[in-house]
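What follows is a single structure, written as structure tokens, with notes after it.
Everything numeric in this text was worked out from a predicted model, so none of it was measured. Heavy-atom basis, side chains included; hydrogens, waters and symmetry copies ignored. Order of the sequence lines sets the chain letters (A, B, ...), proteins ahead of strands, with each chain counted from 1.
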Amino acid sequence: MTMQIADSVSLSAPDAKVRAHAAAARNSLRTEPRAVRIVIIALAMTFLSVFVVLPLVVVFAQAFSKGILAYLAALTDPEALSAIKLTLVVAAISVGLNLVFGLVAAWAIAKFEFRGKTFLITLIDLPFSVSPVISGLVFVLLFGAQGYFGSWLRDHDIQILFAVPGIALATTFVTFPFVARALIPLMQEQGTQEEEAAISLGASGLQTFFRVTLPNIKWGVLYGVLLCNARAMGEFGAVSVVSGHIRGETNTMPLLVEILYNEYQFVAAFAIASLLAMLALITLIAKTVLEHHLDEGHDASDH
Amino acid sequence: MPGFGLTMGLTLSWLSIIILIPLAGLLLKSLELSPEQFWNILSSRRTLNALRVSFGLAFAAACVNLVMGSIIVWALVRYRFPGRRLFDAIVDVPFALPTAVAGVALTALFAEKGWLGAPLAAAGIKVAFTPLGIFVAMIFIGIPFVVRTVQPVLQDLDPEIEEAAGSLGASRWQTIIRVILPSLGPALLTGLALAFARAVGEYGSVIFIAGNLPNVSEIAPLLIVIRLSEFRYADATAIAVVMLVVSFVIIFAVNRLQRWARSRIPAR
Amino acid sequence: MTIEVRNLVKKFDSFKALDGVDLKVDNGELLALLGPSGSGKTTLLRIIAGLDWPDSGDVAFNGEDALAQGARERHVGFVFQHYALFRHMTVFENVAFGLRVQPRAIRKDESTIRARVTELLDLVQLDWLADRYPSQLSGGQRQRIALARALAIEPRILLLDEPFGALDAKVRKELRRWLRSLHHEINVTSIFVTHDQEEALEVANRVVVMDKGRIEQIGSPDDVYETPATAFVHGFIGESIELPVKIEGGVIRLGDRPLRLAADGLAPGASRLFVRRHDMLVGPPGSGAFEGAVQHVRNFGPVQRAEVALSGGETIEIDAPRDRELRAGDTIGLEPRRYRIFAGA
């Protein structure tokens, strides 16, 4: 109504005209002007670079600031080695426990209908929303000298707090939801038909689980274990509260980072930190690969 | 289907041992306190200030995350540019990077001689060892919560509703304000709540950069640790209970919000 | 408002969605774009609306170049296949949206907007749903609200993409009748897209049959049904018997059997013969153009559907009235009351 385009224009060069209009009008309907796009992209990338990329770069820059030899010396220090060992042990324990629990809980929740299911899932999620410090505190209140089981433990000469069991418990608490949360939606989506088919063909419950269910959820299991492990190795707050910081004995890698940093041994602190940062990067890469596999499985089950 | 009794039994026992009994212990401990004791602990100047620092800065950081997170989501979902997939992956770094590592790294970066601290100091802005440092660490830790909550919702947003708004005569700006933002509303609020909850409880990435000056730059989780090391378990418990109750209220609110958001999606 | 589309071409990567489309729509028409999925009908509709853009060609409204305008300037009402209602707004606010986003200079005051929305809700007979949210409506109600929302801007043209596609059969029939009477009432030039021939034939004044990005035939519902212009149209609309025939020396052959049908004016070579199922008249053996043996009979209300093995080797299905019961094993003669032959294999 408002615009009058001379006919001669449209006859002489229709394609060029159409293209020009198309560019202008398409831009306005589902996207923004070029200048706005550039500003938004620049803002987003600057923010991520400053707040996320730079801290990561700083870790490695500081770790290698005195050269590779100082870096290697820091990593082969006996204290560092014992912290690495303790971290691996604690991660193995808590990932193992949470893997078994996650499989069992996901089976119960995904394959059956019962009242209070949402509430149960909320309970499993609880550790995600509890401050790490509180996650440590609850175990101090249970097992500490003034705790509920404190005197009984002392009488029987059992050491939980300020020792490996306490660190493993606190880590298990903090990493509790990871495997279960990775598996529940996946198993819910897959339903129960394949398992029912296997059982109707005479398979036992365990055979069904190992031959039918597990192969279907293997990428989900790996995904959960990966995230669980990353958190277990990197947990700081909860472990800090229960560990007692006994050098060479109850220091995990994150705790050693703190101690070395507070002692101004920056190269050593950042050398340990660089190992943890690499763990994080490897975890992220593996996670991207696994998500790809999980998406593919998702697509396949759609058809 | 076999195994319900066995798996459910194991699930409940294990959940009780690892999660429920320890948390019940905390609540039991807090019940040992008389309301008066409880009140005295919480109303002490240092506790109040620690709670104020934690909650106040966490909320401010969550608001920054809401705005910046939305911008990042928009760029990642709507535009194609070199490095988009890399930046998409980088958003998860604060999830994956151990908090202690983030803490020392942010401190090194924003300290007076750090890469960013030096120019900021020249401009008269001191970040490390001030409340501003806490704020920075909380922004770092919260950003993925907003991005990962809002991103899938924007991705799944029906392109037809934008076309519908356009064909009804709405300008791009009107479409964004009146149609897209309200559609993202529940996800934005959820992201804000999750980022806030995480920042309130955050310890590792904050304490290095915080300065930890009582009443000024001391966060509530650190005060719990300090009270524990002084064997003042009652004080630690009281502060912990307040923080726990707030987290539970937030989870509850988020769950309700999510359910409400789902109920608005018309079945096709 | 008239619409004129000239030589429209649109490619998605290597796929030609539109391959040279010409179309004229008269003022006040209710036109159906009918075709299988992938025929380009929705692409054509979206280009007319300004939601998509052609690689080349012209679109004119009342002789004015429409491609010079974006979707929001064209004043085209578009009803989306899945309605695209704004789920955070009530029904009332959905319908009011187009009025509320008008530039301040021409925006109506609140009471005028309220009156207009109420009037539209009355028109679609859903005034009692004004305060509901889209998630609380049935599919048919959403469809009508989407239509009311599109009408709110007083569109110059109304475009509907598969307007009944997402509804169940019963609601669909009701809405068809309703849409036709609504169009009669508002008399806005309207185009709707459908893959359902019954829908197109029942609702539209004119039907455009499309296939593979091209228009196969434009005509009244009777035209496209009774005198299909191409083999595709004959096969796509109505239930057809299709037989491969050969035309040689003025004789039509099925296999090597000559058929007793006139071959006047037909080009020699491989061709296809189309007959409607109910246009095959049954007679005694030896009568008619074809002969065959009844294999199987089923009754459908007033007709019996018989599977017949023709002597030429092909098996066909016919619909015959039940005045003469057919039985499996009968040998019958068949005479096509009407038929069409299209050149090409």
Looking at [X], I'd like to know if its [atom1] atom is crowded, meaning that more than 12 non-hydrogen atoms belonging to other residues, nucleotides or ligands lie closer than 6.0 Å.
{"X": "A/Q193", "atom1": "CD", "result": "no"}
{"X": "B/R80", "atom1": "CZ", "result": "yes"}
{"X": "A/E113", "atom1": "CD", "result": "no"}
{"X": "A/F112", "atom1": "CZ", "result": "yes"}

Interchain contact, [X] with chain B, by part (heavy-atom threshold 4.5 Å):
{"X": "A/L54", "result": "both"}
{"X": "A/A61", "result": "side chain"}
{"X": "A/I40", "result": "both"}
{"X": "A/I124", "result": "both"}
{"X": "A/L142", "result": "side chain"}
{"X": "A/P127", "result": "side chain"}
{"X": "A/V133", "result": "side chain"}
{"X": "A/I41", "result": "both"}
{"X": "A/S135", "result": "neither"}
{"X": "A/V100", "result": "neither"}
{"X": "A/F114", "result": "side chain"}
{"X": "A/L126", "result": "side chain"}
{"X": "A/M253", "result": "neither"}

Measuring heavy-atom distances to chain A, does [X] have an atom under 4.5 Å in its side chain, in its backbone, in both, or in neither?
{"X": "B/F252", "value": "neither"}
{"X": "B/I180", "value": "neither"}
{"X": "B/L28", "value": "both"}
{"X": "B/F81", "value": "side chain"}
{"X": "B/L20", "value": "side chain"}
{"X": "B/L194", "value": "neither"}
{"X": "B/F95", "value": "neither"}
{"X": "B/A240", "value": "both"}
{"X": "B/M8", "value": "both"}
{"X": "B/Y79", "value": "side chain"}

ask   = Should the ring pair B/W14 and A/F101 be called parallel, tilted or perpendicular, given that the plane angle runs from 0 to 90° and is split at 30 and 60?
value =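 It falls in the tilted class, 30° to 60°.
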Below 30° counts as parallel, above 60° as perpendicular, anything between as tilted: where do the rings of A/Y264 and A/F266 land?
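Judged by the thresholds at 30° and 60°, the geometry between A/Y264 and A/F266 is perpendicular.
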Next on the checklist: I'd like to know whether B/V136 forms a side chain to side chain contact (heavy atoms under 4.5 Å, CB included) with A/F51, so could you lay out the CA-CA distance, the side-chain angles of the two residues, the decisive distance to 0.1 Å, and finally the verdict.
Outcome noted: CA-CA 8 Å; B/V136 165; A/F51 280 92; 3.8 Å; yes
May I ask you to name which of [options] has the most heavy-atom pairs under 4.5 Å with chain A?
{"options": "B/N255, B/I251, B/V91", "value": "B/I251"}
{"options": "B/G166, B/A100, B/A236", "value": "B/A100"}
{"options": "B/L109, B/V225, B/T237", "value": "B/L109"}
{"options": "B/D88, B/V200, B/T107", "value": "B/T107"}
{"options": "B/L228, B/L97, B/V104", "value": "B/V104"}
{"options": "B/L244, B/I19, B/I17", "value": "B/I19"}

For the student: nearest non-hydrogen atoms of A/V59 and A/A277, plus distance
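Smallest heavy-atom distance, with atoms named: CG1-CB, 4.2 Å.
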Practice prompt. Quick one: closest heavy-atom pair of B/P221 and B/Y203, and the distance?
Written response: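 Shortest heavy-atom separation between B/P221 and B/Y203 comes out as CB-CD1, 4.0 Å.
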- So do the side chains of A/S240 and A/L255 get within less than 4.5 Å of each other, counting heavy atoms only?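 Contact flag for A/S240/A/L255 side chains = yes.
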Sub-3.5 Å donor-acceptor pair from the side chain of B/S171 to the main-chain atoms of B/Q174, do we have one?
->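 Yes, B/S171 side chain to B/Q174 backbone: donor-acceptor pair under 3.5 Å.
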Side-chain (B/S54) to main-chain (B/L51) donor-acceptor, under 3.5 angstrom: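 A pair under 3.5 Å: no.
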Among side-chain atoms of B/S205 and B/E202, is any donor-acceptor pair under 3.5 angstrom?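 Yes, B/E202 and B/S205 have a side-chain donor paired with an acceptor closer than 3.5 Å.
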| Just checking, is any N or O donor in the side chain of A/E235 or A/T175 under 3.5 Å from an acceptor N or O on the other one? |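 No - no donor-acceptor pair under 3.5 Å links their side chains.
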Quiz item: Is any side-chain N of the basic residue among B/E162 and B/R78 closer than 4.0 Å to the acidic one's carboxylate O?
Solution: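 Salt bridge present between B/E162 and B/R78.
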Applying ring-ring contact (aromatic ring centres under 6.0 Å, His included), run through A/F176 and A/F128 and close with a yes or a no.
CA-CA 9 Å; A/F176 191 81; A/F128 276 157; 9.9 Å; no
task: Just give me the residue among A/F209, A/F139, A/Y148 that pairs up with chain B most often, heavy atom to heavy atom, under 4.5 Å.
output: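 Sorted descending by pairs with chain B, the first entry is A/Y148.
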